[in-house]
Amino acid sequence: MIRYPIVRLVLTGQLLIGALSVNSANLPPKNEFLADSVYAVGHVDSAQQDSVRIAGPLDKSRALRADEIDYAAVGPAHFGNAVSSPYADGSRVTWSNGLDRIVKLDHETFEILATLPFPGAYLYTEQEAEDSIANFNDSTEGIFSLYHAYQNVQKLRDLSSVYTLLDRDNIYYIANKNGFVTAYGDAVEGDRASAIVEKRRVKLPAGVTGLTIGMNMTYDGWLVIATEHGYIVTLKRDFSESRVIRIKYSEGAEERATRPVGYGWVRNGFAIDKDGGIYIASQQHMHKIIWDGNRLSTDDSDGAWTSEYDNSWGHGTGATPSLMGFGNEDQFVVITDGAELMNVTLFWRNDIPSDWQKIAGTNSRRIAGLQPANMGNPNLEKIQSEQSVVVAGYGALVVNNVPRNIPWYLPKRASTLLISFMGSAPEHQPYGVQKF
């Protein structure tokens, strides 16, 4: 369900931070152009591993006490937030954007320091949040709760972009559905409690079409933005220059974009390595695009590649690619594929070893390994996961996103309501976490 306040302790399928031994893993190199914090961009860092350099909570499974949960009323649909670099006094702020506003909160106390409503947006009240949550709590089963979920999900059609980024200068970037990238910051530089102001805005280059899907930053400080129609844009942080390239096989993606929002030709974010490799998945292929500091390339001669993966389900991967292996380690990029019984799939990130043999039954010699994410049930026939694969070292973790029960009258396309809005209802709760 839509949860209007932010909760201090957040445990989700995307941030199972205590599940993998992060401290013992060889972590990706730090991107010095991102905020100096543990969470500066969606999926944590440029490598998109969804694991952080701090330990998760350790406790027996139990319901949290009321005094263990702090809320800040910040409006609906805050999918993620970014933690700033330290200010002069050592303190940090949390930036977050939702359906109707941007907020800045004290990272330690959760005090709301500043709010900037989006122009023309309806500003939701805290009472509306309480009423909506109470409605869900009172009716967790049946067609009436599904109708309430459907009403709430309609709000998300107006959401700008769930992918945001905070740079080392505490500038917060948002790309919206109208093709604009906007930079926000402190009204008084260095004053974390000052108002939020728009610093600059730019329209994506002419000819770039499709909703923005993902935002990341190269290790030389350029913003990278992708669209669902297969365009990649690199943008200087001061918006003075940009570069554009189109991913291989994306021709006609506009005409093929008949699926609902979130199921475009490109559906997810993308990972970036320190050498300018940009790893992005489309409906049928995994791609590596090369950024050399001045131009983008899809040419094999520059080190770029494209590899087909299993897409028998027909909707592509639901995962943002995650990087695995750094330094002298074998280096891979990891997704869950588009099979009906999805596989955790590894691709060789750079040169394929000369003696590597194509795995039987796979689509490409670049596939370095795959295993079905069957949650330990060898008889399972179908499963999907919409989360990025959580990676630390050579550990990879996925979760199940298939509800236990789907009412006979509910269209298959609408079954995600049972996860996004009614996942806490015992009748529909999905079960299953698997580590490879």
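A quick note: this is a predicted structure, and the numbers were derived from the prediction, not measured.
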- [ ] Please lay out, stage by stage, how Asp337 and Asn311 fare under the test side chain to side chain contact (heavy atoms under 4.5 Å, CB included).
- [x] CA-CA 7 Å; Asp337 64 19; Asn311 187 31; over 6 Å; no

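- In this model, no donor atom of one side chain and acceptor atom of the other lie less than 3.5 Å apart for Asp273 and Tyr219.
- Contact annotation: the side chain of Val244 approaches that of Tyr231 to within less than 4.5 Å [non-hydrogen atoms, C-beta and beyond].
- Side-chain contact between Pro430 and Val402 is absent, with no heavy-atom pair separated by less than 4.5 Å.
- Residues Pro321 and Ala271 share a closest heavy-atom pair of O-CB, 3.5 Å.
- A 6.0 Å sphere centred on NZ of Lys274 holds no more than 12 heavy atoms belonging to other residues, nucleotides or ligands.
- With hydrogens and angles left out, the side-chain atoms of Asn216 and Ser46 include a donor and acceptor closer than 3.5 Å.
- In this structure, Phe332 and Trp348 have tilted ring planes: the angle between them lies in the 30° to 60° band.
- Applying the 6.0 Å contact sphere to CD of Glu198 captures more than 12 heavy atoms from other residues, nucleotides or ligands.
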TODO: Might you work through the side-chain hydrogen bond (donor to acceptor under 3.5 Å, both in side chains) test for Ser282 and His287, ending with a clear yes or no?
DONE: CA-CA 8 Å; Ser282 64; His287 308 262; 2.8 Å; yes

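- A side-chain donor-acceptor contact under 3.5 Å links Asp292 to the backbone of Asn294.
- Using cut-offs of 30° and 60° for the angle between ring planes, the Tyr163 and His43 rings count as tilted.
- When atom types are taken as modelled, the side chain of Gln284 and the backbone of Gly316 share no donor-acceptor pair closer than 3.5 angstrom.
- For Thr109 and Asp106, the side-chain atoms include at least one donor-acceptor pair closer than 3.5 Å.
- His285 and Thr306 are not linked by any side-chain donor-acceptor pair at a separation below 3.5 angstrom, with hydrogens and angles left out of the test.
- Applying the 6.0 Å contact sphere to CD of Glu241 captures more than 12 heavy atoms from other residues, nucleotides or ligands.
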Open item on the list: Please evaluate residues Leu116 and Arg101 with respect to the criterion side chain to side chain contact (heavy atoms under 4.5 Å, CB included), reporting the C-alpha separation (whole Å), side-chain torsions for both, the decisive distance (0.1 Å), and the verdict.
Closed with: CA-CA 6 Å; Leu116 179 66; Arg101 72 194 81 175; over 6 Å; no

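- Cation-pi geometry between Arg200 and Phe180 is not met at under 6.0 angstrom from the ring centre and within 45 degrees of the axis.
- Inspection of the Asn81 and Tyr39 side chains reveals no N or O donor paired with an N or O acceptor under 3.5 Å.
- Judged by distance alone, with hydrogens and angles left aside, the side-chain atoms of Ser322 form a donor-acceptor pair with the main-chain N or O of Gln48 at under 3.5 Å.
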- [ ] Apply side-chain hydrogen bond (donor to acceptor under 3.5 Å, both in side chains) to Asp100 and Tyr122, showing your working.
- [x] CA-CA 6 Å; Asp100 60 357; Tyr122 175 78; over 6 Å; no

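- In this structure, Tyr279 contributes its side chain and Ile289 its backbone to no donor-acceptor pair below 3.5 Å.
- No side-chain donor-acceptor contact under 3.5 Å links Arg192 and Asn170.
- Gln331 places a side-chain N or O within donor-acceptor distance of the main-chain N or O of Gly327, the cut-off being under 3.5 Å.
- One N or O on the side chain of Trp356 and one on the backbone of Arg365 form a donor-acceptor pair closer than 3.5 Å.
- With hydrogens and angles ignored, the 3.5 Å screen pairs a side-chain donor or acceptor of Ser84 with a backbone N or O of Val93.
- In this model, a donor atom of one side chain and an acceptor atom of the other lie less than 3.5 Å apart for Ser307 and Ser364.
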Open item on the list: If you apply the rule side chain to side chain contact (heavy atoms under 4.5 Å, CB included), what do you find for Asp169 with Phe33, and how did you get there?
Closed with: CA-CA 8 Å; Asp169 300 317; Phe33 286 90; over 6 Å; no

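- Under a 3.5 Å cut-off, the side chain of Arg267 and the backbone N or O of Ala281 do not form any donor-acceptor pair.
- A cation-pi arrangement is absent between Arg237 and Trp222, since the terminal nitrogen or guanidinium carbon is not both under 6.0 Å from the aromatic centre and inside a 45° cone about the axis.
- Of the N and O atoms on the side chains of Asp89 and Ser91, at least one donor lies less than 3.5 Å from an acceptor on the other residue.
- Remark: Glu126 CD to Tyr71 OH distance equals 11.5 Å, nearest 0.5 Å.
- Here Lys30 pairs with Asp36 in a salt bridge; the nearest charged N to carboxylate O distance falls below 4.0 Å.
- Side chains of Thr345 and Gln371 form no contact here, defined as non-hydrogen atoms less than 4.5 Å apart.
- Salt-bridge annotation for Arg349 and Asp330: absent, with no side-chain N of the basic residue lying under 4.0 Å from a carboxylate O of the acidic one.
- A donor-acceptor pair under 3.5 Å links the side-chain atoms of Ser194 to the main chain of Asp191, judged by distance alone.
- Within a 6.0 Å radius of NZ in Lys203, more than 12 heavy atoms belonging to other residues, nucleotides or ligands are found.
- Between Asp299 and Ser301, the side chains place no donor N or O within less than 3.5 Å of an acceptor N or O (distance only, hydrogens not considered).
- Side-chain contact check for Leu323 versus Val391: every heavy-atom pair is 4.5 Å or farther apart.
- Between Val41 and Leu166, the closest side-chain pair of non-hydrogen atoms is not below 4.5 Å.
- Between Arg201 and Thr182, the shortest heavy-atom distance links the atoms NE-OG1, 3.5 Å.
- With values rounded to the nearest 0.5 angstrom, Leu296 atom CG is found 5.5 Å from Trp291 atom CH2.
- Across Thr164 and Tyr172, no two heavy atoms sit closer than the pair OG1-OH, 3.3 Å.
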Open item on the list: Would Val398 and Thr336 count as a side chain to side chain contact (heavy atoms under 4.5 Å, CB included) here? Give the steps.
Closed with: CA-CA 8 Å; Val398 294; Thr336 47; 3.8 Å; yes

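- With values rounded to the nearest 0.5 angstrom, Trp95 atom CH2 is found 10.5 Å from Leu105 atom CG.
- Under the 4.5 Å side-chain criterion, counting only non-hydrogen atoms from C-beta, Ser37 is not in contact with Arg168.
- Side chain to side chain, Ser250 and His229 fail the donor-acceptor criterion of an N or O pair below 3.5 Å.
- Looking only at atom types and distance, the side chain of Asp45 has no donor-acceptor partner in the side chain of Gln49 under 3.5 Å away.
- Note on Arg295 versus Asp302: salt bridge recorded, some NZ/NE/NH1/NH2 to OD/OE distance being below 4.0 Å.
- Side-chain N or O atoms of Thr212 include none that pairs as donor or acceptor with a backbone N or O of Thr227 at under 3.5 Å.
- Minimum heavy-atom separation, Tyr309 to Thr317: OH-N, 3.1 Å.
- Side-chain contact check for Asp186 versus Val188: every heavy-atom pair is 4.5 Å or farther apart.
- Within 6.0 Å of CG on Asp351 lie no more than 12 heavy atoms contributed by other residues, nucleotides or ligands.
- Under the 4.5 Å side-chain criterion, counting only non-hydrogen atoms from C-beta, Val181 is in contact with Leu235.
- Minimum interatomic distance between Ala304 and Ile290 (heavy atoms only, all atoms of both residues): N-CG1, 3.5 Å.
- No side-chain donor-acceptor contact under 3.5 Å links Glu308 and Tyr249.
- Crowding of Asn328 atom CG: a count of heavy atoms from other residues, nucleotides or ligands under 6.0 Å not exceeding 12.
- Taking all atoms of both residues into account, the shortest heavy-atom contact from Ile383 to Ala373 is CG2-O, 3.2 Å.
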